[in-house]
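Only one structure is covered here, and it is reproduced in the block below.
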Amino acid sequence: MRELIDKLEKNSVLGLSEYAELIKNFTPELSEYLFEKSRNIRHKYYGHDVYIRGLIEFTNYCKNDCLYCGIRRSNKNAERYRLTKEQILDCCESGYALGFRTFVLQGGEDPYFTDDLMVDIISSVRERYPDCAITLSIGEKSYGSYKAFFDAGANRYLLRHETANCEHYGKLHPKELSCENRKRCLYDLKEIGYQVGCGFMVGSPYQTAENLAEDLLFIKELQPQMVGIGPFIAQHDTPLKDFKNGTLELTLFMLGLIRLTLPDVLLPSTTALGTIHPRGRELGILAGANVVMPNLSPTNVRNKYLLYDNKICTGDEAAECRHCMELRMGSIGYKVVVNRGDAINFHQINSYK
Ligand code: 5AD
Ligand code: FES
């Protein structure tokens, strides 16, 4: 197995069956062998810096019905909320004071936030924070909508592809949603000039090692600036509630493989990883990740954006999370930095700033 990791390090890609073989046969020893390499590559490009993104979860209304997700429209037990533009700007203001230079506006696919309203919100944030990056994470839209948001000042877009295998995609989503449209969105976003993030869940129901290998080949092809992954965590009010959670070990192993596959990619150590293990986010950094995304949402709505069970940090103030993150990263020899943390493999062509 070590030869395959050496080969991946050398070529930055493997064949489908080679990736799958590694994923099927990984052990703690092999993981350590991988992480030493993935950390080295991460240090070469990013040193010991950790980029922070301020996450603003501004609506948990969603018109979609993804089978794994706690804010799916059929979940009648989800307590719904929306933030106003003023509340969003307040989050940015406190975030800026705490050293955040990227704001991630994330939400369900909520028709209340029309394109005009989003353009208004994006332009207001852009006007007040010309030195910050604006990241959107609001799902599948048309080329025209994505273009309008970009022209209003958004720079980046996160849209996890969830799984690159369309048959697997069909088992996790209702029939109105398609794997093809999701991928179309990602290519549209790239064409418009966004820095793009894709990603997937590890250990999602029905997932095979080959599916994960396909995810790696898909990201190799798409060449995103960012890849967000985390373990699947069952949510008690969803149809997939009885499935097992993804594991810490496999998620870390996948982080290492992604780092070797796209050496300079931005790789977050996610909240879901921190949820399945008390030091999950630290371990993610030690496997090659270089980004963390603490929450800036107001405390009174934090405990309502519950995509999965037992989500961490739902009772903490933004300042507490910021401080906590500083300590956590410091404890493993890394440093949270105050800057936009742009992708280094991205050459702005027609971007706003
Ligand atoms: N477990 C883990 N991750 C989840 N997501 C949604 N539901 C769950 C869950 N039950 C992830 C999806 C989505 C992102 C915002 O959160 O990958 O794209
Ligand atoms: Fe939120 Fe630790 S990061 S409390």
Side-chain angles (χ1 to χ4, degrees), residues 53 55-75 77-78 104-110 135-141 156-165 168-169 171-174 177-179 181-183 185-186 189 196-207 211-212 215 218-219 224 226-248 250-251 254-255 258 267-277 280-281 284 291 293-295 297 302 304-314:
R53 320 297 196 199
L55 189 61
I56 303 170
E57 297 158 337
F58 69 95
T59 172
N60 72 349
Y61 282 84
C62 191
K63 68 178 168 66
N64 291 335
D65 222 10
C66 304
L67 275 66
Y68 45 83
C69 184
I71 64 168
R72 65 200 301 269
R73 68 159 184 266
S74 299
N75 183 7
N77 294 329
V104 183
L105 303 185
Q106 181 167 86
E109 291 193 21
D110 179 358
T135 305
L136 301 179
S137 178
I138 52 175
E140 298 178 24
K141 308 271 174 185
R156 308 183 186 146
Y157 206 104
L158 307 180
L159 184 75
R160 290 192 178 177
H161 64 283
E162 310 299 357
T163 169
N165 180 291
H168 184 218
Y169 193 94
K171 295 182 181 165
L172 302 177
H173 298 93
L177 294 174
S178 81
C179 177
N181 192 55
R182 198 125 184 126
K183 291 180 181 172
C185 288
L186 285 164
L189 289 161
V196 169
C198 67
F200 55 92
M201 290 179 289
V202 177
S204 61
Y206 314 107
Q207 185 178 62
N211 293 155
L212 285 168
D215 287 321
F218 173 70
I219 64 169
M226 187 159 179
V227 179
I229 71 164
F232 162 76
I233 303 174
Q235 203 283 352
H236 63 278
D237 284 319
T238 62
L240 301 178
K241 64 178 165 30
D242 294 325
F243 282 83
K244 283 210 297 285
N245 291 345
T247 65
L248 171 79
L250 183 55
T251 308
M254 293 307 298
L255 283 172
I258 294 170
L267 197 55
S269 192
T270 55
T271 307
L273 195 53
T275 297
I276 54 163
H277 187 281
R281 285 167 301 177
V291 175
M293 302 174 69
N295 206 308
S297 311
R302 284 267 184 122
K304 300 192 174 75
Y305 202 84
L306 300 176
L307 309 184
Y308 47 80
D309 287 347
N310 304 315
K311 187 178 174 196
I312 52 168
C313 301
T314 55

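One-based numbering, in listed order, for ligands and for the atoms of each.
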I'd like to know if Pro231 contacts ligand 1, where contact means a heavy-atom distance under 4.0 Å to any ligand atom.
yes
Got a second to check how far Tyr157's OH is from Lys141's NZ, nearest 0.5 Å?
6.0 Å
Sort out for me which residue in Tyr206, Phe232, Tyr308 forms a ring pair (Phe, Tyr, Trp, His ring centres under 6.0 Å) with Phe243.
Tyr206
Which protein heavy atom lies closest to atom 10 (N) of ligand 1, and at what distance to 0.1 Å?
Ile233 O, 2.7 Å
Distance-only N or O hit between ligand 1 and Tyr68, under 3.5 Å:
yes
Rounded to the nearest 0.5 Å, what's the gap from CD1 on Ile276 to CD1 on Ile312? Could you check?
10.5 Å
Scan side-chain atoms only and decide if Ser297 and Asn295 contain a donor-acceptor pair under the 3.5 Å cut-off.
yes
Distance-only polar pair, side chains of Asp215 and His161, donor-acceptor under 3.5 Å:
yes
Run down the list Gln106, Arg160, Arg182 and name the one with the heavy atom closest to atom 14 (C) of ligand 1.
Arg160
Counting from 1 in the order shown, the ligand 1 atoms closer than 4.0 Å to a non-hydrogen atom of Glu162 are 12 (C), 13 (C), 17 (O), 18 (O)
Ligand 1 N/O within reach of Cys69 N/O, cut-off under 3.5 Å
no
For atom 3 (N) of ligand 1, what's the nearest protein heavy atom and its distance?
Met201 SD, 3.4 Å
Atom 16 (O) of ligand 1: closest protein heavy atom, distance to 0.1 Å, is Leu307 CD1, 3.4 Å
Donor + acceptor pair across side chains of Ser74, Asp65 (<3.5 Å):
yes
Heavy-atom neighbours of Lys241 NZ exceed 12 at 6.0 Å
no
Ligand 1-proximal atoms of Gln235, by part, heavy-atom distance under 4.0 Å:
neither
Under 4.0 Å, heavy-atom basis, I'd like to know which part of Cys66 is in contact with ligand 1: side chain, backbone, both or neither.
neither
